[in-house]
Amino acid sequence: MGENLALLTYKAHGGGAMIDNRTQVFDVAMKNARTIEACLDRLAMMGADHQLKLIAGRLSRLTQCAERRSRHDQLTNAAALAE
């Protein structure tokens, strides 16, 4: 997992530009989501139910993590505005 983050923050364009722009990070995430979707389709065609179940569990945990972070950011922003 840390390796993926390192890839996002390491020199991305051969010349030294760091990927710190949220749009660029989002684009990387969406590209990876499309790759995962293609893998899910292929596993489904192969009848790999166990592997699909494992991936579904992982994606569910990622979704919960994203929702917690979003709620935390909303609460933090609301608290900052209230001050």
Side-chain angles (χ1 to χ4, degrees):
M1 186 168 100
E3 292 175 7
N4 290 336
L5 182 57
L7 288 173
L8 289 175
T9 56
Y10 193 67
K11 296 178 182 181
H13 300 289
M18 302 285 271
I19 296 181
D20 59 359
N21 180 309
R22 65 177 71 178
T23 302
Q24 290 174 309
V25 174
F26 175 78
D27 290 344
V28 170
M30 293 305 291
K31 180 180 178 186
N32 285 303
R34 287 188 295 274
T35 301
I36 291 169
E37 189 174 7
C39 291
L40 292 173
D41 291 343
R42 184 73 186 261
L43 287 168
M45 289 188 322
M46 299 166 85
D49 295 336
H50 177 71
Q51 289 80 1
L52 288 168
K53 186 175 181 178
L54 292 174
I55 294 170
R58 178 67 176 142
L59 292 173
S60 177
R61 288 189 297 278
L62 289 171
T63 300
Q64 292 169 4
C65 180
E67 289 170 348
R68 281 193 305 271
R69 289 178 182 170
S70 179
R71 280 194 303 271
H72 178 267
D73 288 350
Q74 289 173 354
L75 292 172
T76 302
N77 291 339
L81 290 174
E83 292 179 355

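Sequential numbering from 1 along the given sequence is applied to the chain's residues. Scope of the values below: all heavy atoms of this structure, side chains included, with no hydrogens, waters or symmetry mates. In this text, all values refer to a predicted model and were calculated from it rather than measured experimentally.
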Rounded to the nearest 0.5 Å, what's the gap from [atom1] on [X] to [atom2] on [Y]? Could you check?
{"X": "L52", "Y": "R42", "atom1": "CG", "atom2": "CZ", "answer": "13.0 Å"}
{"X": "D41", "Y": "I36", "atom1": "CG", "atom2": "CD1", "answer": "12.0 Å"}
{"X": "M30", "Y": "T23", "atom1": "CE", "atom2": "OG1", "answer": "12.5 Å"}
{"X": "M46", "Y": "C39", "atom1": "CE", "atom2": "SG", "answer": "10.5 Å"}

### Message
Do C65 and R69 make a side-chain contact, defined as non-hydrogen atoms from C-beta onward lying under 4.5 Å apart?
### Response
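In short, these two side chains touch, coming nearer than 4.5 Å.
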#### Entry: Any K53 side-chain heavy atom under 4.5 Å of D49 side chain
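Not touching, per the 4.5 Å side-chain cut-off.
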### Query
Quick one: does T63's side chain have a donor or acceptor within less than 3.5 Å of a partner on L59's backbone?
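Yes.
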